[in-house]
Structures are given as C-alpha cells and as structure tokens.
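Please read the structure below before turning to the comments.
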Amino acid sequence: MGKVKKGVKKFQKKIAGGGVHKKKKLHFRRDKADAAKAAEVQEQSVAAQRKKSEKAKPAKRAPAELNMDDFLNGGFMSVDAQQDQLSDSGDSEGEAGDDAATVDSDAEQDAHDMTSAAADAGSASESDDDDADVEADPVRAQNKQYKTEIASHQAQLEALRQQDPEFYEYLQQTDQELLKFGQDDDEEEEGSMEDASEDEQEATSRLPMEGTEEQEQPSTSGQQKHVSRAMVEAWCNAAKANASPAAMHKLLQAYRLACHYGDTEEQVHETMKISSSAVFNKLMLFVLKEGHHIFLRMLSLDELTTVTARDVQRSKRMKKVEGLLKSFLGNSLHLLGQMTDSVMLTFTLRRLRASVVLLAPFVKLQRKFLRQVLTIFGGADKAPRLQALLFIRHMAAMLPPPALELALKGVYRSFVQNAKFVNAASVPHIHFMASCVVEMFGLDMAASYQQAFTGIRQLAVLLRGALAMRTKDAFREVYCWQTVNCLELWAKVLAAHADKQELRPLVYPLTQVLLGTVRLVPTPRYFPLRLRCIRALLGLGKAVGQFIPLSPLLLEMLQWGELSKRPQAGAGGMPDLALQLRVSKNALRSPAFQEEIVSQVIELLAEHLSQWSCSIAFPELAHLPLLHLRKFGKQCKVERFRTSSRALADALERNMAFVSQRRQQVDFSPKDTAQVNTFLQTESAANQAPLQKYALVLREKAVQRRAMQSSDELSVPRKASLIDGASDSEEEEEAPMKQSEREDDAQEADEGQAAFEGSLLPAKGKGKGKQKAAGKQSSKARPAADALSAGDDDQDDVLQDYELSDDSDMED
C-alpha cells in the first residue's frame, strides 16, 4: 500500500471518534439503570426490616393496666415516649427518601459524576456487607443484643426515676442489683461464677446482707469490708450444703486474703479484711478440710469412689469450675511457701494431699507444687519432711505422666543436695531421705530403671574421668561425701528391689563402679571410705544372691605395714569412721584407729564368707583367706589382733570340714545345677553352719562396740537393712509412709485445731520462710560437681562440690 494522505487520516479519526462517543453513551445509560435498581432494592429491604421490627414489638398498654413484671420490663414508658419513637422512625423514613432522590439526581449528571456516584454506592454496599457479617456471627450478634438490652434497661430506669421518684427510692432500698444491672458484672462474676444458676446467684449474692448491719462495716479506707465469723459461717454452710459456686467464690476471696496475709513482696488489693484470728482459723480449717469434697461435688464426681486424674480432666463442668479450682490451688501453694511453723505446715500438707488429683488439668501448678514440696522434703524438721514425701508419692501415683518421672528425679536431686556434708546431726536426715528414695523407686520399675540408669551412669563418668586424668581435683570429685552417699543409695535401691527383674541389669555396672572407687586411691588414709563401699557391696551381693569378690579388698587392709608394728601410744584419739572418709596421718598409727580397722575387717570378712558358708564350693573359696589370716596372726605384734584373726581362721576350718563332709555324701555331679543350688539349703536357712554362728557373734560385738563409742556422743538411730549388715531376725523400723497413713481423721482434726488455734495469725511484714538443710557448711563452688545432677534442665539448682577438710596432699 502507498502512503496514506492527510485528508484520509482526518476522516478516519472523525469516524472513529464518533463510534467511541456512542459507546460511552451506552455505558452511561447502563450504569445509570443499575444504580437506580440498586437504590430501589435497598429501599425495599429497609422497609421490610422496619415492618418486621414493628410486628415484633408488643402492644403498648396504659400504665394502669400493667402488672409489676410488665412494669419492670419497660411497659411504664409514657405515650409521649412512644410518639417520640414514631417520630424518630418517620425521620429515618424521610431521610431514606431523600437518599433515593439524591441517587436519581446523580444519575442525570455527566459520566464523571456517575463514576463517583457508583463509587459511593460501592462503599455503601461494603458497609452493608459488614453488617451482614455481624448478623451472621452469633457471638457478636448476641453481644450486641446484650449491650442493647442493658442500654435500654438503664434508659427505662432513668425514665422511672424521673416519673416516679418514690418507687425508684423503694427499689434502691430493696433491690440494688436491679438498679446496678450491667455495671459491676465483671467484678461480681469473676472466676467461674458464670456457671452458677440464677437461683444460686440470687441466694448467695445476699449472703453478706443477711444478719446484722455490723457484718459489713467498712474499714477506715472506705473500700474494704470486714469479714466476720457470721459471714464465714454463712458461706461455709452454703458451700457445704449445696456446693454453691457463689459461696465458694466468696470463701476463696477470703482464703486468698488469708494466704497472702502479711505479704510484703506483693501488694494484694482486696475488697475484704479479716477481722480477727478466730475468723482466720475458721476460714483456713474449713477450706483445707472441706475444699476437696466441695470441688468434687461441683465437678459432679462421686466422693465415695476413687477419683482419678482422668475423671477430673473429663468432667463436663471442669471449664466452669476451673477458675475457682485454680484460685484454691494457687493460694494453697503460696501458703506452703510462706509457712514456717512445723505443726501448721504438717497439717496443711496432710490436708492438701487429698486434693492432689485436682492438679491434673494444671501442668504448671504441678511443677510448682512439686518444687515447693521438694524444698520442704529437704528441710530440717522430720514431721513436715514425712508429709512432703507422702505428698510427692501421691502426685507420682495419681497424676498423669510425666509426674512420676519428675517426682523420682526431684527426690533424687534433693538427696544429692543434702548429701554433700555428713556430721552427727545430718546422718539421721540423710538416712531418712535415702529410705524415702528407696520407697519412691519402688512405685514403677520402668520409670525407676530410667532414672537409676542415669544416676549410675553419672557416677561412672566421674570415675572414668578420675582414672583418665589422675589429678587431685578429679580424685576429689569421686572421693567426696556426695559421690559416696549416692553410691550407697543406689546399692540400697537395687538391694531393696532385687526381686524386680527390671532393675537386675543395673547390678553389674554399679558393682564395677563401687569396685573402681575402692581401688582408685588404695592408701590407708582412705580406709574409712573403702569400708563404706565394701559394706554397700556386701548388702547388694546378699540381696541379689550373686558372688562379689570382696575378700581381696579386705585382706589387702590386713597387709598394711603399720599393723605389723606396735602402735604408738598417744598418737591420736579414736576418730569416728562413720563420719569420715579419710583420716589424718597422725591418726594412722594410733592404737584406737588400728583396732577399729582390724575389728571391722574381721567382721566384714566373716559376714562375706558366711553368705557362702553352705555353698558346695566353700572349701575352695575359703582357702586363700585362711592362708592370709594365718600369716597375719604370725606377723602381727598386737595380741588382740592375733586372737581375732586366729578365731576367724578356726571358724573357717570348721566350716570347711562341715561342707566337705556333706559334699562327700552327694550323688550328683557339678553339671546338675538344680541340685547344686539346693545343697545345704535347709542348714543355710537355719544358720546351722559354724561360720554363720561365728558371724552372728561378731555382729553382736560390733553393735556393742558402736554403742560404747556413741555413749558420750549424739545417738544416731539407723534403720536395720541389708546394706548395714543387720540380721534378718532383728526387728526393723516400720516404713515412714506407712506410719503416717495409719493416723486417723480424729487425730488430724485435733492437730489442725491445735495448729490454727490461738493467735497464730501471721504477723504483717513477715517475709517468706526459708527451709534450711541440716548440716550445711561453707564450701568452694566448682563446676565439676554439676556432673552429679547433669541432664536436668527443668530446675535451676546449682550443686556445690565437697572440699576435703584435710589440706594435705593427695597420696598417689
């Protein structure tokens, strides 16, 4: 094609411009019709809603024709008010008509004005969509309806006050709740009050108003109300009779004030004030004794049956009672942390133990309760420690996982923290805690295996580090009271539960750790530590029925060179080996120390060999010990030592002859394992072997010797057990938990009355009481001691290592 001329371009542009102008006109007319149609539809919807609301309104009657209920529901409005509403609706209709006329006039404007009108219509439609969303959401619609009803109720009451002042004054005197409807709803319905029925709310809301006017005398501040005994009794009766949430709400408000009484660290703003110690006692006794039963009734649970944590968690009313229950448990936790009196603390722990199952829905409260009760468990008073242990055991048994694992870990950590130092005052405390740990680890074998494996492995890591580094600090980490007490504890745990197959695999590694500890620094200064480890191994081997080679460890002590010399008179006094891990150099050559060492070695050797005195292989087992004893009897310069060794050697010879004579009469071979195991089983059970009789005599002499040594000192009662080498026929102490469980409710009531009677109301300005562990001394902190409690990130405790009292160098 050729070049287009200029005239042709002008003609095409003119024709094309005309077509575009026509299209714009068509679009303008279509937009105008759409806008008019939208305005008409909106006007019809507004009219339909107005008719619907008019139909729903009840017919207005004259005030003379109304009864009291209709009058209070809003029928007292005058005819003028009705006309005002009608005039308002007429105005709204006129405004709607003006809006429609405005839409029609805007439709006749040019294309630019039409575009802006369409945008306005779009924004109006968006606001209508938001209103539709509010109507579609039932919660938002209900909240909006409640606010509208409250506003209408207040407007009606205001109109009543202006029209009939006398009747309004009568309402002020008789029914304050009607006039204050919607104002103090948040304050009066705090917690779980939303679930109370209207009858209970009406009955319990008037509890403070019952009785005389002296029950609600305002304090000097003008805002607090004195809680009198009559008010507390009224609340208690309502809560106990009907399990009323409203009454419990009032009680728990006062209970919170009692638990925080005198708290200077936290400003507690309350609308109540306890008037006297009698009110305090009454309130505390009722909530602690009856609170558990009332909460079970509120949760619709049967008190006569065993309530489990699952029942509490699945209760349909838990969401409604959760606020009150959490308030009760939280304030009780604060009370435990602030009490210092042992009697009150014992009673509180005993009563709160029944409410342990109510902790099931609150995981954080479980951890806080466990941490606080463990602090009491590690304290100095015996009675609160026992109740704390029962509380922990109840938590481990009743609450869902991981309550059991946390309880086992917590009691072990408490033992570790309190086992760092040993003296005459702390020995009973450590033995008590060890017995508690043993019983706790008998609840569940699977969980106990995990915790025991972790604890024994930590001790093995310490021993491995000492063997590898061979430094003084590494030796001190093993040869300290903390490590030795933990080794003895695990030996007791495995010995007490030797019949459980789950813990049997841990016997061998613990035995290896104990043997390695004995041989780590084999010097005479550490003979006391060696004797403690040998006693632990002796009890463990007897309980599990396995042979542990202890004779070489004991015979090495008899080969000590100082025993072949005469002791130096006046070289030093007799140290208490039960309270020391090593002795000074001056005490090594003292006659008292050497006599104690020889006596304990002979005693433990006889005890060890008597365990296998009826074994078919006893002649071969006792051959080497017999040779060493005879050699020691010839070389020793002390007549008492020679006499002891010769007596044990004679007992071994008699027992070897006894077993050899019976062994010659058998008709089975060594491959018959079953018959080998039953060899002399009857004689062994009856302690008829010669060595068993001699070991029993030595045991009685040892008891007498320890009694003479402690006659001028503090008596340290110890529970007879296999670890201590006590006789099975001796009468053992009853388990501490079983002793407490036998106390009846009458005794608990008497103790509770005694605990909270008189003027035991806490003094203001008194801070929280701190529990102090017995036998605590100053020491140097070292990070290496944290290995005993490694692997527990839930708690912030930092352990301190034991520093040896003797500043002399460690012997290699």
Side-chain angles (χ1 to χ4, degrees), residues 389 392-413 415 433-461 463 486-517 533-550 607-608 611-612 614-617 671-682 684-685 719-726 728 732 735 737-738 791:
L389 173 68
I392 297 171
R393 185 189 183 193
H394 212 58
M395 290 185 66
M398 298 294 294
L399 297 179
L404 177 61
E405 289 77 5
L406 293 177
L408 295 178
K409 187 183 297 184
V411 294
Y412 177 63
R413 286 180 59 85
F415 175 83
M433 295 190 70
S435 300
C436 295
V437 174
V438 169
E439 294 208 25
M440 284 293 298
F441 274 79
L443 295 178
D444 185 87
M445 290 298 107
S448 299
Y449 175 83
Q450 296 293 333
Q451 299 300 326
F453 176 83
T454 303
I456 295 173
R457 184 181 181 277
Q458 292 170 356
L459 298 173
V461 170
L463 178 61
C486 289
L487 288 171
E488 292 181 340
L489 172 67
W490 291 123
K492 292 180 180 180
V493 170
L494 298 185
H497 307 292
D499 56 335
K500 307 296 191 305
Q501 295 297 325
E502 290 84 354
L503 299 181
R504 300 279 290 192
L506 298 177
V507 173
Y508 179 75
L510 179 61
T511 302
Q512 294 298 319
V513 174
L514 282 168
L515 292 174
T517 302
C533 294
I534 291 176
R535 288 185 184 275
L537 289 169
L538 185 64
L540 181 61
K542 184 176 181 180
V544 300
Q546 299 293 330
F547 176 77
I548 300 176
L550 299 179
E607 188 72 26
H608 168 61
Q611 294 180 7
W612 309 100
C614 294
S615 172
I616 198 170
K671 66 179 182 179
D672 300 329
T673 309
Q675 296 181 2
V676 169
N677 294 333
T678 58
F679 178 75
L680 295 180
Q681 188 174 9
T682 305
S684 177
K719 179 179 177 179
S721 62
L722 297 177
I723 300 300
D724 299 329
D728 296 338
E732 296 186 353
M737 288 183 281
K738 294 181 180 179

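- For the atom pair Arg413 CZ and Leu408 CG, the distance stands at 14.0 Å (nearest 0.5 Å).
- Between Leu510 and Leu487 there is a side-chain heavy-atom pair separated by less than 4.5 Å.
- Here CD1 of Ile456 is found 9.0 Å from OG1 of Thr511. Values are rounded to the nearest 0.5 Å.
- Inter-residue side-chain proximity for His497 and Glu502 is flagged as unmet; no heavy-atom pair is nearer than 4.5 Å.
- The aromatic rings of Phe441 and Trp490 stand perpendicular to each other, their planes meeting at an angle above 60°, with 30° marking the opposite boundary.
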Margin query: Run Gln450 and Thr454 through side-chain contact (heavy atoms from CB on, under 4.5 Å) and show every step you take.
Written below: CA-CA 6 Å; Gln450 296 293 333; Thr454 303; 5.5 Å; no
Next item on the list: Determine, step by step, whether Lys542 and Glu607 satisfy the side-chain contact (heavy atoms from CB on, under 4.5 Å) criterion, reporting the C-alpha distance in whole Å, the side-chain angles of both residues, the deciding distance to 0.1 Å, and the verdict.
Entry: CA-CA 10 Å; Lys542 184 176 181 180; Glu607 188 72 26; 4.1 Å; yes
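- Using a 4.5 Å heavy-atom cutoff, the side chains of Leu463 and Gln512 are not in contact.
- Residues Leu540 and Ala491 share a closest heavy-atom pair of CD1-O, 4.0 Å.
- Heavy-atom minimum distance, Ser448 versus Gly442: OG-N, 4.4 Å.
- His608 has its side chain within reach of Phe547: a pair of non-hydrogen atoms, C-beta onward, lies under 4.5 Å apart.
- Counting heavy atoms from C-beta outward, Val507 and Gln546 have side chains that stay 4.5 Å or more apart.
- Considering only heavy atoms from C-beta on, Cys486 comes within 4.5 Å of Tyr412 through its side chain.
- Here the CD1 atom belonging to Ile548 is positioned 5.0 Å from the CG atom belonging to Leu537, to the nearest 0.5 angstrom.
- From Leu550, atom CG reaches atom CG of Leu515 across 7.0 Å, with rounding to the nearest 0.5 Å.
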Note to self: Pair Leu538, Gln611 - check side-chain contact (heavy atoms from CB on, under 4.5 Å), show working.
What the structure shows: CA-CA 9 Å; Leu538 185 64; Gln611 294 180 7; 3.2 Å; yes
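- At distances below 3.5 Å, at least one donor-acceptor pair connects side-chain atoms of Asp444 with backbone N or O atoms of Ala447.
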Margin query: Please evaluate residues Leu404 and Leu399 with respect to the criterion side-chain contact (heavy atoms from CB on, under 4.5 Å), reporting the C-alpha separation (whole Å), side-chain torsions for both, the decisive distance (0.1 Å), and the verdict.
Written below: CA-CA 8 Å; Leu404 177 61; Leu399 297 179; over 6 Å; no
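- Heavy atoms of other residues, nucleotides or ligands lying less than 6.0 angstrom from CZ of Arg504 number more than 12.
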